[in-house]
Every structure is written in C-alpha cells, then in structure tokens.
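What follows is a single structure, written as structure tokens, with notes after it.
What's counted below: heavy atoms across the whole structure, side chains too, no hydrogens, waters or symmetry copies.
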Amino acid sequence: MINNMLLNKNYNISTFYVCGIFSNIKFIRAVGQETLKLLSNELNQYEVYIAKLISDKRYLSGKELTKELVNTFQIKDDNARKIIQRTVVKGILVSSNPLSFGNGQFIYLNPRDGLTLSLVKEVSKKHRPPIYRLLEAIDINDGVISYYEALKIVAAPLEKSSTKVNTLDEIIKELRLMKFIYEKTDSNNIKYILKEESKKEEGKEESLLSAHFSKMVIDGMFLPDILRWLQKSNIIDNYKTIYRNKKTPSIGAKQNNLVWDAFAYTKTTGINSTFGKKADTIEKQTLVVLDVVISRDYSQIDLDGFYNRIQINLNAVKNGRRKILPIIIYKTIAVDVLEKISSLGFIAFDLGSIFGTTIYDVVEKLNILQLKKVAAISDDFNVTIESALTTIRTSGQEDSLKDIRGVLFEFLLYPLLKHYYSSAEILHGKTLSIVKPEGGKENYEYDYIIKSSNPNEILIVELKGYSSLSKIPIGSSDTKNTLSWFFRRTLPFAKRHFQKEIQDTGKKFRGCFITSASFYEDGINFLNGINNGSFKPQNLNAFYDGQSLLKLLEENNYSKVKSTVEKFFIKSERL
C-alpha cells in the first residue's frame, strides 16, 4: 500500500504522521533516499533532517537539537527553536514536557518510543542527576524510598530558597504528572515514594512499606553508639549533637535548610595556629556532618547526594569560611565508591572498624528481630536476642553498644507485655507530637504504647536495659533518662495527646517504668508514691527494678526470658 501510494503520488504526508509510520526508523531506512526526496515535497528539509536525526540518536535535548540545526543549516537559534516546535506539532517528534532536564530543557524523541521510566532515568543521569539519583534509589530499595531518604539523596532543601536547586516536592510533582511515581503515608505517618506499578499488585504496597520501615530503623539504631564512639575518639564534641532517632527514622537532623543523619561540632584541629581551646563558639568550630547507611550497601548515589548537600551548605555561607568535616559510616561499600570518598578527602568508617567485625552478625539479627517482632512470642525470637547479646559480649563491645543493648532489652520484654495485654494493640518505638499554641511541634519518643480494652487502659511503658550496677536518679522533668523525665514530663504529655480517645472510650491512662538497673532510696520513695496514684496499671506495678523484674518473669513462667535478662543485664554485671 505504501509503495503504491508513493509510486502514484496518491498520498498526503500527514497520513504518515498520524499512523506513526514516518517516525518508525525501520520505515525510513526501508524507503531510502528516493522516498525521502518525495517526502520532502510535503516536509521541508529541516523536518526530514530532524526525523532522521532522532531516529538515529533516539533522543536529544532541546539544546542539543538546536545546536544540530544551527550547525547544519547555518540558521539562528530562534529559528531553530521554532522549527523544533513545528516539528512537534506535526507529530514528527514528541516532547518530554512537563518534565525538563537541566536548565528547563525538554528532550525530544520518536513518537513510537514514548517517554518511559527507564528512558527518563537514562537521560537524567546526564542532564538532571537529582532525578536520576531518586529513581536509582527507588530501584535499589525494591521500588520504594522514604521522603526523608529522598531528601538526602536528591540533596534537596527543606524549603525553597533563592538558589536554583529544586525542592523534592517540585521533582516529585513532575514525575507524578508523568505517572511514574506516587506518594503514600503509612500508619507511622511516614511518607514514602513508590513506583506507580506498585499499585497494580495486591498487598505489594503494604509489604514494601513495612520492610522499608524496618531498614530505616536499623539505619537509625546505631547512631547514638556511633556518636559516643566519635566523642571518645575526640573527633566530635558532646555539645549540640543532633541525630536521626530510631523511633523517628523519618526525621533527620536539620541544619541550614538541609537534612543529615547527624551533625555535631568539633574543636579538634590537629596542628594548627588556632588551638582547639580557643574555638569557644560554634562559629569558630568545624561542623561535622554524618551520612550513615547500615541496612544496605553505601552507593555512589549516597555519596553524590552527601557531597551536593555539603556544597550547598558551603555556598550558603557568605564569607565562604565555614569548615565542614564529612564522615561516612557504612556496613558494606563498593571499592570504587570508597576510592572516590578518599579522593574527596572525606572520612569513612566501616562499622566493623568501630565495633569489631562481629557487629555484622548483630546487624543481621537486629534485621530479623525488627521484621518479626509482631510474632515475637516464640523460642526462636528469644534465641535470636540472646545470640545477639552473646556476640556483643564476646566482642568486648558491651560498653560501646549501650543503645543497641537497650534495643535488645526492649525486644526481650515484648512477650511479657503481650502476655498481660494479649488482645491489645501494642505499638513499639513510637513518637507522639502536639502542635504548640505558639507554633511549632513538641514531640517525645515512647518504647511501648499499649491500647487495651481488657483492662480498659492506655499504658505507656518505659524500658531501660542498663547494667544492674547503675542507679536511675529522680532527676527533674528537664533531665532525660530520669524518673521525673518520664513521670512528670513525657507521661503527662502522652496523656494530653490521647485526651480525646480517653474521653471517647473511657480508658484509664497508665504508666510503667521497667529497668534491669536499680533506684536510689529517694527514687524508691518517689516511685512508691506513683504506685499508689492514678498512673498505676491494673495488672502491673508502676515500676520494676532488676530484682522485681526477675521475680515478675518467674511468676509468669518466662524462664528463658528471665535467664537472658539475668545473664546479660544483672548477674553478669556482679561478677
């Protein structure tokens, strides 16, 4: 039919455009030069050239295509751009509009190819790296990434600034309009970015979010112990250390309109004309920023995002004199990425170089525990916890991994809480927040929140897996890790948070403080008063120290849990 049309000259070239025939590279090659001469009666020389060029190149940016036309036909830029616009109108090309690639440039491609997600990823790697890194991060994480992690990898500011750097929301909007990705908020109020295809498979979305949340918790879990090690090594000061918390893994440390896994300051200068002791203000100290990835390989996109955030931070300082010390903490990393880190002059620590190589076994066990904690009432669960604690002990890292031991203590007591509240909703590692009247938010972290109908209670449980040689002080409501901080500050805050639910359901609001350590005498008197007040749970006391905890476990036939608590938190500390 095509040959007859061409031989008889009984055709209109728009027919080819509509059918997409002319845009097919096989057709162009098949009909050859004679046909192109015939077609040129309907198409001008520019459009024929563009069609052939795009068929050969697959795609070109507006800037590249303009340059080709200018160089080939010796025309002006404005004329070249008008020719491109007409070619799009005729259907010879399609544009990536509204998705641009670098300086507002669209790309142009064959109508038959279309703008696919894989093509966007390929093009953006060269022309718009932040989009490439976002899409690559989603692929690396099985089709999902948290909004927080996307902020890091894209190197996007939290709020629009005077710079030309796009916000993450602007990038997401473009990709959503192309129906490549979508956003989803889970039950923890954490926002994620997923591939559009995740909607198609039933149950896939929920499993993706759950698994990724566990990874985020693992990445945040080691930060307190890492920061403590950096302080002991005199790499950072203990003043104003801000970090991403395992209970709020979607909230990073905010500094200069950017997010970091942690930041701190240091007076350590090495050999310098200005001694550390003279760095008596933050302005005179070096800002230390951390990028920590434990749950997966540290990749090139992580490094690029980290580097770009550092550059943005440096450029934001008017006099350009801000000193920054970048530190990367990883579990595994490719050799070429590690070499690039070294060439940039960044500090990088393998997790094993900090806590010993047995830490990898601990990470794997924490992954298992994090994923299976809902079904934690099993001997296997307890065996995994004991194995992790044994690994920490044999590696000589009990003091260095205090926070991780505390996490394992939380896991260890889950079956006991489930025993007393078998049909209740038990939330582990939650953060509650309230909007303050003067603006902003106030929030606190809670180990366990139990919502029960029998007994009809909302119970807040605070757990402290300390050495039995430790004593927890009364302290004040302004001092963390004290009795007053929990009973006089965070517990009343939680009650205000749940006030409407308490009124609607008639639930009683209760609190319980459980530790493997002990209390000072004035603390015991304080706690006895709490135990005789309104905060006491119906089936538990308001507090337990190490010895009363062992007794409680024995009374409820939790002999294996009791043995683990005794071995790793109480008896061993007395030897």
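Of the possible polar contacts, none joining the Asp302 side chain to the Tyr298 backbone as a donor-acceptor pair under 3.5 Å is found. Side chain of Thr266 to main chain of Ile235: a donor-acceptor pair is present (N/O by atom type, distance under 3.5 Å, no hydrogens or angles). Judged by distance alone, the side chain of Lys402 and the main-chain N or O of Gly406 form no donor-acceptor pair under 3.5 Å. Panel note: side chain Ser548, backbone Asp545; a donor-acceptor pair is recorded below 3.5 Å. Under a 3.5 Å cut-off, the side chain of Thr482 and the backbone N or O of Gly475 do not form any donor-acceptor pair.
Of the inter-residue distances, the one linking Leu230 atom CG with Thr241 atom OG1 reads 9.0 Å to the nearest 0.5 angstrom. Rounding to the nearest 0.5 Å places NZ of Lys152 at 12.5 Å from CZ of Arg133. Interatomic distance, Asn541 CG to Asn531 CG, rounded to the nearest 0.5 Å: 4.5 Å. Leu151 CG to Ile145 CD1: the interatomic distance, rounded to the nearest 0.5 Å, is 10.5 Å. The CD1 atom of Ile218 sits 4.5 Å away from atom CG of Asn367, with the distance rounded to the nearest 0.5 Å.
Exactly one residue among Val292, Val289, Ile226 makes a side-chain contact (heavy atoms from CB on, under 4.5 Å) with Asp261. That residue is Val292. Across Leu549, Asn557, Leu550, a single residue satisfies side-chain contact (heavy atoms from CB on, under 4.5 Å) together with Lys562, and that is Leu550.
Salt-bridge check for Lys215 with Asp219: failed, with every basic side-chain N at 4.0 Å or more from each acidic carboxylate O. Residues Lys451 and Glu457 are not paired through a salt bridge, judged by the lack of any N-O separation under 4.0 Å between the basic side chain and the carboxylate. Remark: Arg488 does not engage Asp478 in a salt bridge, criterion side-chain N to carboxylate O under 4.0 Å. At a threshold of 4.0 Å, the pair Glu386-Lys560 does not count as salt-bridged, since none of the basic side-chain nitrogens sits closer than that to a carboxylate oxygen. Ion pairing between a basic and an acidic side chain is recognised when a charged N comes within 4.0 Å of a carboxylate O; Glu445 and Lys430 show no such pairing.
Taking all atoms of both residues into account, the shortest heavy-atom contact from Ile514 to Val461 is CD1-CG1, 4.2 Å. Nearest heavy atoms, His428 versus Asp447: CD2-O, 3.0 Å. Nearest heavy-atom pair across Phe509 and Lys495 is CZ-N, 3.4 Å. Considering all non-hydrogen atoms of both residues, Thr515 and Lys464 come closest at OG1-O, 2.8 Å. Between Pro249 and Phe213, the shortest heavy-atom distance links the atoms CG-CE1, 3.8 Å. Nearest heavy-atom pair across Gly523 and Ile474 is CA-CG1, 3.6 Å.
Separation of the Phe543 and Phe513 ring centroids does not fall under the 6.0 Å cut-off. Taking the six-membered ring for Trp and the full ring otherwise, Tyr192 and Tyr147 have centroids separated by 6.0 Å or more. Between Tyr243 and Trp260, the ring center distance fails the sub-6.0 Å criterion.
Residue-environment remark: CD (Glu159) stays at or below the threshold of 12 foreign heavy atoms within 6.0 Å. Residue Tyr360 places its OH atom among more than 12 non-hydrogen atoms of other residues, nucleotides or ligands, all under 6.0 Å distant. Within 6.0 Å of CG in Asn532 there are more than 12 heavy atoms belonging to other residues, nucleotides or ligands.
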Requested in this report: I would like to know whether Ile333 and Asp297 meet side-chain contact (heavy atoms from CB on, under 4.5 Å); could you show each step before the answer?
Outcome: CA-CA 5 Å; Ile333 192 170; Asp297 290 351; over 6 Å; no
Report task. Could you check Tyr420 against Asn556 for side-chain contact (heavy atoms from CB on, under 4.5 Å), going step by step and ending with a plain yes or no? Result -> CA-CA 10 Å; Tyr420 277 98; Asn556 289 281; 2.9 Å; yes
Query - Working for side-chain contact (heavy atoms from CB on, under 4.5 Å), residues Thr357 and Asp350 - result: CA-CA 9 Å; Thr357 55; Asp350 173 358; over 6 Å; no
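Lys323 has its side chain out of reach of Leu287: every pair of non-hydrogen atoms, C-beta onward, lies at least 4.5 Å apart.
Remark: Arg244 fails to qualify as a cation-pi partner of Tyr148 under the 6.0 Å distance and 45° angle criteria applied to the six-membered ring.
Below 30°, between 30° and 60°, or above 60°: for His419 and Tyr558 the angle between ring planes is above 60°, a perpendicular geometry. Between Phe381 and Phe411, the two ring planes are perpendicular [angle over 60°; tilted spans 30° to 60°].
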